Amino acid sequence: MKLHPHQVYHIYNRGNNRKRLFYTQDNYQFFLAKIRKYISPHCDFLAYCLMPNHFHFLIHANEKTILPNNYVEVDSKVRQNNTSIQMSRFSHGIQMLLSSYAKAINKRNKRTGSLFTQNTHAKMTSSGAHKMDYTLWCFIYIHNNPVISGLVDSPEKWIYSSYQEYLGQSTDPLCNLKLGKKLLSLEINELIKFNDIEIPDQIIDRIF
């Protein structure tokens, strides 16, 4: 997974054979804790949504995102601890997130085999050309996903997404709300209206 700093990416994966990833509220909370441990230190989260059988992240890549995983920080200086080429810290974090979660779920539910599909997808949504920037559309799609799927009738009712964070209803947000509001020019009134917006099919094709 090759990302570039100062760009925005839609990251997503689903359950193998479209099977469930999350069975209980504890599963969702456990996965969010893993995100904080393995992913958020290496990027800026702009949005997320955990669905029963898949997940969406909208992240802003920064300088930490692209650092090779074999770099270590010593006395405030970043140094490479060997000369081999390794995956980035972000990619390694994704790998650790999925593998550690799958191991725990398999053990708890006495199951075997892959929990996630093999490849986690990363689609760049940002662009220097305004008409080609699909970041806001992706932000809307991610938060409307539970509504589209019929799980709730409005995005703020789905507690496993970042929508409530942007409404100021979270005391410990995962997202960089300041950056998200700046990049997307968000206002609370605009957020409330998101569930009334129909996303054109050609836009959905772009964000995937």
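If you're wondering where the values come from, they're calculated on a predicted model, not measured in any experiment. These numbers come from the heavy atoms of this one structure, side chains and all, not from hydrogens, waters or symmetry mates.
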Quiz item: Stepwise, does the ring pair (Phe, Tyr, Trp, His ring centres under 6.0 Å) test hold for F139 with Y166?
Solution: CA-CA 11 Å; F139 183 91; Y166 280 93; 5.1 Å; yes

Practice problem: Assess whether side-chain hydrogen bond (donor to acceptor under 3.5 Å, both in side chains) is satisfied between E63 and H6, documenting all intermediate values. | Solution: CA-CA 8 Å; E63 300 300 333; H6 315 301; 3.1 Å; yes

Quiz item: Would you say Q118 has more than 12 foreign heavy atoms packed within less than 6.0 Å of its CD?
Solution: no

Quiz item: Can you get from Y38 to I66 by hopping between Ile, Leu, Val, Met, Phe, Trp and Tyr side chains that sit under 4.5 Å apart?
Solution: no

Practice problem: Report the residue from I142, I204, I197 that forms a side-chain contact (heavy atoms from CB on, under 4.5 Å) with W137. | Solution: I197

Exercise. List the steps, then state whether side-chain hydrogen bond (donor to acceptor under 3.5 Å, both in side chains) holds for S126 with Q7.
Key: CA-CA 6 Å; S126 55; Q7 300 296 335; 2.5 Å; yes

Quiz item: What do the steps show when you test N109 against R20 for side-chain contact (heavy atoms from CB on, under 4.5 Å), and what is the final call?
Solution: CA-CA 12 Å; N109 296 313; R20 289 185 72 97; over 6 Å; no

Self-check item: CG on N144 to CZ on F194, rounded to 0.5 Å
Solution: 8.5 Å

Quiz item: Do the ring centers of F55 and Y101 come within less than 6.0 Å of each other?
Solution: no

Quiz prompt | Exceeds 12 heavy-atom contacts within 6.0 angstrom, atom NZ of K123 | solution = yes

Exercise. Measure the CG-CG distance between D44 and L177 for me, rounded to the nearest 0.5 Å.
Key: 11.0 Å

Quiz item: Considering residues at least two apart in sequence or located in another chain, which fulfil the ring-ring contact (aromatic ring centres under 6.0 Å, His included) criterion with H42?
Solution: none

Quiz prompt | With K19 via side-chain contact (heavy atoms from CB on, under 4.5 Å) - residues at least two apart | solution = N17

Quiz item: Below 4.5 Å, heavy atoms only, C-beta onward: do Y9 and F90 meet side chain to side chain?
Solution: no

Exercise. Please work out whether the ring planes of Y160 and Y28 are parallel, tilted or perpendicular, with thresholds of 30° and 60°.
Key: parallel

Exercise. Quick one: closest heavy-atom pair of T120 and I11, and the distance?
Key: CG2-CG2, 3.6 Å

Quiz item: Between the side chains of N176 and H60, does any donor sit under 3.5 Å from an acceptor?
Solution: no

Exercise. Return the minimal non-hydrogen interatomic distance between Q164 and E156, and the atom names on each side.
Key: NE2-O, 2.7 Å

Exercise. Please lay out, stage by stage, how Y48 and F31 fare under the test ring pair (Phe, Tyr, Trp, His ring centres under 6.0 Å).
Key: CA-CA 12 Å; Y48 68 88; F31 193 75; 9.7 Å; no

Exercise. Decide if atom CG of D205 counts as having more than 12 heavy atoms of other residues, nucleotides or ligands within a radius under 6.0 Å.
Key: yes

Quiz item: Do other residues, nucleotides or ligands put more than 12 heavy atoms under 6.0 Å from the CZ atom of R14?
Solution: yes

Quiz prompt | Worked check of side-chain hydrogen bond (donor to acceptor under 3.5 Å, both in side chains) between T135 and D133 | solution = CA-CA 6 Å; T135 301; D133 192 310; 2.9 Å; yes

Quiz prompt | Nearest atoms (heavy-atom pairs only) where C49 meets P146 | solution = SG-CG, 3.7 Å

Self-check item: Minimum heavy-atom distance M96-S99, with the two atoms named
Solution: O-OG, 3.4 Å

Quiz item: Using 30° and 60° as the class limits, which term best fits the ring planes of Y12 and H56: parallel, tilted or perpendicular?
Solution: tilted

Self-check item: Heavy-atom pair with the smallest gap, counting every atom of A122 and L3
Solution: CB-CD2, 4.0 Å

Practice problem: Would you give the length of the straight line joining atom CG of L50 to atom CD1 of I35, rounded to the nearest 0.5 angstrom? | Solution: 5.5 Å

Quiz item: Do you know the tightest heavy-atom contact between S154 and V147?
Solution: C-CG2, 3.6 Å

Exercise. Before giving the answer on side-chain hydrogen bond (donor to acceptor under 3.5 Å, both in side chains), spell out for R111 and N106 the whole-Å C-alpha distance, their side-chain angles and the decisive distance to 0.1 Å.
Key: CA-CA 5 Å; R111 68 180 301 277; N106 284 349; 2.4 Å; yes

Quiz prompt | Value rounded to 0.5 Å, distance of CG in N145 from CD1 in I140 | solution = 13.5 Å

Quiz prompt | Nearest-0.5 Å distance, CD1 of residue I39 to CG of residue L98 | solution = 7.5 Å

Practice problem: Begin with the C-alpha distance, continue with both residues' side-chain angles, and end with the deciding distance and a verdict on side-chain contact (heavy atoms from CB on, under 4.5 Å) for Y23 and I105. | Solution: CA-CA 9 Å; Y23 297 88; I105 291 297; 4.2 Å; yes

Quiz item: Just wondering, are more than 12 heavy atoms of other shown residues or ligands nearer than 6.0 Å to NZ in K34?
Solution: yes

Practice problem: Please round to the nearest 0.5 Å and tell me the distance separating atom SG of C138 and atom CZ of F57. | Solution: 12.5 Å

